[in-house]
Amino acid sequence: MKKFIYSLTAAALLTACNNGNNGVTDSLSPSFECDSATVNLTVVGADSSQEIYVAAIANTYDEIGEIQPTKLDENGQATFKFDLQGDIMLSFDSGIRGRFRVAPGEVTNVTVYPDSIVTTGRFAKYNRAMNSYESRHGINMFMPDFMRYDMNGDQFTEALLKKYADEKAAIAADTELTEEQRMVENANLLASVISMAGDRYMLDRCSYVMTHPDCKGAIPKDSLNVEMSDDNYRAVVAAIDLNDESMMMSPFEPIPSIAGVDWNKYGAEGTLLGNLSTYVRAAKAAAVDNVDPEVLAKLEALQNPFFANGVKSIRAAARARNEEAAKLVSAVPEVEYAEIIPAIAAKHPGKVVIFDVWNTWCGPCKAAIAANEPLKKTEYNDPDIVFVYLVDDSSPVTNYYQMIPNIAGEHYRLSADQAKEAYGRYNLDGFPFYLIVDRQGNIEARPDFRDHEIYSKTVKEKLAQK
């Protein structure tokens, strides 16, 4: 039976935490809440003879969390549950048309038709407007005809703010817009300006490609002028309404883009934009349980309780996650440091043991682990294979705890001194590094396992030996 996977992307627009949604419906403003949420999805016309999965990816201020793909039942239905700090915007990457906003504290029913999408809940009318209306105003960052990639900061800021003023006036003059459509237009415009001013890089790249249709490969590093001065940022702050909640309602520009600039430095202190700017940084820190007490105290002093409660909620989830992940880390054998690897291998007599020496900051390490992980359910699905993962304390513990629940095997975290001697015995020459132990307990250092074909071939050979 053929399988299909639909991908559901969740861009979390964190707002502020109160308690529940207070029964509000048909709202055009953010909910400012922390709570759980349930999405009941129905795909009308889904082929019940096929195995159809919907995968959700949550893009939040603090991390990217992937939810296991959920199979649609025979009625084309699936249920997703989220713990939210503020509203989220969900959109389907492929296979299913539409996007929709979900509020904490609600059960949102979503029905996807071949040509439309209907939801219940706080944002029902807003969602209908998003999915039935094609924006005709705003700024297209992928075809930025109002600027050039080589503009200096002053020229770019002047062009951006002129475009903003022109489009804002056009929206105001468009008498055909419904209230919901006008919100969609204004939300996208304001969030776009904040995003583009905060990070010119993507905009400049698009401008370069648009004006160089024959461009192939990497763009020359010295071609893009992405510099912005303090005065440029102050000009942006002066031109927009810093308390306009529509900056959080855009279906297109995720508000995390404000994190590129601390807008408080340029006149936004005490406004919604300024509070969001502080909150985004604190939320990111909370995700690794590293919140600055002074920053948290600043958020606690705000009239809106969300900003502090949202950070505390993220921090509590991080601590709970860390506590669970810590249980996956085995105690390092109490032996001479140079004997640590043989001592671990000795725990598995008669088996093939593969040591993967890695660190969380090592890109090739993570890529290799990701490639091998699904194979543990197929070609490496053998009770006589043991996977052992070693890191040293250069891997930040919170990042380590975030990653290891998704890596099947035994995990050990070595101190710098332990790693120096344990790895030194086998002439570790970089990361990732591998060792393999055969059924007789012989240990081989195999840096050549960085070649996956050699890795796979050797593992199978060792298994075949009795």
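In this structure, a donor-acceptor pair under 3.5 Å is present between the side chains of Asn359 and Asp392. For Ser36 and Asp83, the side-chain atoms include no donor-acceptor pair closer than 3.5 Å. For the residue pair Ser415/Asp417, the side-chain donor-acceptor check at 3.5 Å is not satisfied. Side-chain N/O atoms of Thr271 and Asn243 include no donor and acceptor closer than 3.5 Å. When only modelled atom types and interatomic distance are considered, Ser207 and Asp204 share no side-chain donor-acceptor pair under 3.5 Å. Side-chain contact of Tyr149 with Asn225: a donor-acceptor pair under 3.5 Å is absent, judged by distance alone. Asn264 and Thr278 share a side-chain donor-acceptor pair at under 3.5 Å.
Note on Asp451 versus Arg446: no salt bridge recorded, every NZ/NE/NH1/NH2 to OD/OE distance being 4.0 Å or above.
For the pair Arg234 and Tyr266, the cation does not sit on the ring face, since its NZ or CZ is not both under 6.0 Å from the ring centre and inside 45° of the axis. Judged by a 6.0 Å distance limit and a 45° cone about the ring axis, Arg200 is positioned over the six-membered ring of Phe156. At least one test fails for Lys265 against the ring of Tyr233: distance under 6.0 Å to the centre or angle within 45° of the axis.
Taken from CG in Asn188 to CG in Asn140, the straight-line distance is 9.5 Å, to the nearest 0.5 Å. The OG1 atom of Thr458 lies 6.5 Å from the CG atom of Asp448; values are rounded to the nearest 0.5 Å. Once rounded to the nearest 0.5 Å, the distance linking OH of Tyr380 with CD1 of Ile354 reads 7.0 Å. Atom CE of Met196 sits about 5.5 Å away from atom CG of Leu203, to the nearest 0.5 Å. Between Lys312 atom NZ and Leu296 atom CG the span is 5.5 Å, to the nearest 0.5 Å. Taking CD1 of Ile404 as the reference point, atom CG of Leu328 lies at 5.0 Å (rounded to 0.5 Å).
More than 12 heavy atoms of other shown residues, nucleotides or ligands fall within 6.0 angstrom of atom CD in Gln465. Annotation: Lys420, atom NZ; neighbour count of heavy atoms from other residues, nucleotides and ligands within 6.0 Å does not exceed 12. For Glu453, the CD atom sits in a loose shell: 12 or fewer heavy atoms of surrounding residues, nucleotides or ligands are nearer than 6.0 Å. The number of heavy-atom neighbours closer than 6.0 Å to CE of Met403, taken from other residues, nucleotides and ligands shown, is above 12. Residue Glu300 places its CD atom among more than 12 non-hydrogen atoms of other residues, nucleotides or ligands, all under 6.0 Å distant.
Put simply, the side chain of Asp289 does not reach to within 4.5 Å of the side chain of Val291, judged on heavy atoms. Residues Thr38 and Glu106 form no side-chain contact, since every pair of their non-hydrogen atoms from C-beta on lies 4.5 Å or further apart. Between Arg101 and Pro30, the closest side-chain pair of non-hydrogen atoms falls below 4.5 Å.
Trp263 and Ser277 make their closest contact through N-OG, 3.2 Å (heavy atoms, listed as atom of the first residue, atom of the second, distance). Here the closest non-hydrogen pair linking Lys462 and Asp438 is CD-CB, 4.1 Å. Considering every non-hydrogen atom in both Asn131 and Asn127, the closest pair reads ND2-O, 2.7 Å. For the residue pair Ser31 and Pro104, the shortest heavy atom distance occurs at OG-CD, 3.3 Å. Of all heavy-atom pairs spanning Leu72 and Ala78, the tightest one is CD2-CB, 3.7 Å. Of all heavy-atom pairs between Ala268 and Leu242, the closest is CA-CD1, 4.0 Å.
Thr398 is linked by a side-chain hydrogen bond (donor to acceptor under 3.5 Å, both in side chains) to nothing, counting only residues two or more places apart in sequence or in another chain. Looking at residues two or more places apart in sequence or on another chain, you find no side-chain hydrogen bond (donor to acceptor under 3.5 Å, both in side chains) involving Asp393.
Without hydrogens or angle criteria, Arg315 side chain to Ala286 main chain gives no donor-acceptor distance under 3.5 Å. Remark: side-chain polar atoms of Glu269 are not paired, donor with acceptor, to backbone N or O of Gly274 under 3.5 angstrom. Lys351 places no side-chain N or O within donor-acceptor distance of the main-chain N or O of Val437, the cut-off being under 3.5 Å. A donor-acceptor pair under 3.5 Å is formed between the side chain of Arg450 and the backbone N or O of Pro432. Panel note: side chain Thr360, backbone Asn399; no donor-acceptor pair is recorded below 3.5 Å. Judged purely by atom type and a 3.5 angstrom limit, Arg122 has no side-chain atom pairing as donor or acceptor with the backbone of Leu28. With hydrogens and angles disregarded, a donor-acceptor distance shorter than 3.5 Å links the side chain of Thr157 to the backbone of Gly153. Judged by distance alone, the side chain of Asn381 and the main-chain N or O of Thr378 form no donor-acceptor pair under 3.5 Å.
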(message) Quick one, Glu410 with Tyr412, criterion side chain to side chain donor-acceptor pair (under 3.5 Å). Give me CA distance, side-chain angles, the key distance, then yes/no.
(response) CA-CA 7 Å; Glu410 292 186 6; Tyr412 295 86; 3.0 Å; yes
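Partner of Asp356 under the side chain to side chain contact (heavy atoms under 4.5 Å, CB included) criterion, chosen from Phe449, Tyr389, Phe433: Tyr389.
Relative orientation of the Tyr455 and His452 rings is parallel, given thresholds of 30° and 60° on the angle between their planes.
Note on residues 327-337: pairs passing side-chain hydrogen bond (donor to acceptor under 3.5 Å, both in side chains), not counting sequence neighbours, are Glu324-Lys327.
Less than 6.0 angstrom separates the ring centroid of Phe431 from the ring centroid of Trp361.
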